[in-house]
Amino acid sequence: MITKGKCLCGSVELEIELASPETEMAACHCSMCRNWLGGPMLAIDSGTLKGVNDESSITRFQSSEWAERGFCNKCGTSLFYYLKPADQYHFPVGLLEEGLQIKFSHQIFIDEKPEYYSFSNETQNMTGAEVFAHFESEQ
């Protein structure tokens, strides 16, 4: 399934292939995501970046040895989190076209979630250590 997303100013338009029509969403509570977005990152689990209309409007910031965060260098919209070892993109759900079936399935870095917010959905929750163990087992 193909969907599209665009930044606030419209300079960057992404074409994204989703694995299925019902897409899973995660909340990441790590300190970097909260610093980057002002709150948890709500993102689809993964998608394939099929096309970009203007790559020159995207800045990629290497936030760790294993990941990059992409944003529009004109308006600042967060575009993606790219997990380099898995060659996997995670896209903020607010970036995507309306009408997708999205299931809030899990939360990661739950041990870093501050007390001042919470979600009412029942989800699978993973600590930071569990997240790293999961990705190490996939390699």
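Just so it is clear, the structure is predicted and the values come from calculations on it, not from any experiment.
Applying the salt bridge (charged side-chain N to carboxylate O under 4.0 Å, His left out) definition to pairs two or more places apart or across chains, none involves residues 108-129. Pairs of residues two or more places apart, or lying in two chains, that qualify as ring pair (Phe, Tyr, Trp, His ring centres under 6.0 Å) and include a residue from residues 21-42 are His29-Tyr117. Listed by first then second residue, pairs satisfying side-chain hydrogen bond (donor to acceptor under 3.5 Å, both in side chains) with a partner in residues 68-78 read Ser57-Lys74, Thr59-Asn73, Arg60-Glu68, Ser63-Arg69, not counting sequence neighbours.
Atom CD of residue Gln88 and atom OG1 of residue Thr48 lie 9.0 Å apart, to the nearest 0.5 angstrom. Here the CG-CZ distance, from Leu14 to Phe80, works out to 7.5 Å after rounding to the nearest 0.5 Å. One distance of note links SG of Cys30 with CD1 of Ile110; it measures 12.0 Å at 0.5 Å rounding.
Placement of Leu95 and Leu42 within a single hydrophobic cluster is found when ILVMFWY residues are connected by side-chain heavy-atom separations under 4.5 Å, directly or transitively. Under a hydrophobic-cluster definition in which Ile, Leu, Val, Met, Phe, Trp and Tyr are linked whenever side-chain heavy atoms come within less than 4.5 Å, directly or via other members, Val93 and Phe91 are assigned to the same cluster. Residue Leu83 is not grouped with residue Leu79 when hydrophobic side chains (ILVMFWY) are merged at heavy-atom distances under 4.5 angstrom, including chains of intermediate members.
Distance alone, capped at 3.5 Å, places no donor-acceptor pair between the Asp54 side chain and the Glu13 backbone.
Checked against side chain to side chain contact (heavy atoms under 4.5 Å, CB included), Ala43 has the following partners two or more places apart in sequence or in another chain: Met41, His90. Among residues two or more places apart in sequence or in another chain, the side chain to side chain donor-acceptor pair (under 3.5 Å) test is passed with Glu17 by Lys50. In this structure, Ser120 has no side chain to side chain donor-acceptor pair (under 3.5 Å) partners at least two apart in sequence or on a different chain. Considering only residues two or more places apart in sequence or on other chains, Phe132 meets the ring-ring contact (aromatic ring centres under 6.0 Å, His included) condition with Trp66, Phe109. Remark: Thr123 pairs with Phe104, Gln107, Asn121, Asn125 by the side chain to side chain contact (heavy atoms under 4.5 Å, CB included) rule, at least two apart or across chains. Applying the side chain to side chain contact (heavy atoms under 4.5 Å, CB included) criterion to Tyr116, with sequence neighbours excluded, gives Arg34, Pro114. By the side chain to side chain donor-acceptor pair (under 3.5 Å) test, Glu97 pairs with Thr3, sequence neighbours left out.
Within the 4.5 Å cutoff, no side-chain heavy atoms of Ile2 are placed close to those of Ile16. Residues Lys103 and Met25 fail the side-chain proximity criterion, which asks for heavy atoms closer than 4.5 Å.
Residue Phe71 shares its hydrophobic cluster (ILVMFWY side chains chained together at separations under 4.5 Å) with Phe61. In this structure, Leu8 stands alone, with no Ile, Leu, Val, Met, Phe, Trp or Tyr side-chain heavy atom under 4.5 Å from its own, directly or through other members.
Between Ala67 and Ser64 the shortest heavy-atom distance is N-OG, 3.2 Å. Scanning both residues, Thr23 and Ile44, for their nearest heavy atoms gives CG2-CG2, 3.4 Å. What you find for Cys9 and Cys75 is that their closest heavy atoms are N-SG, 3.6 Å.
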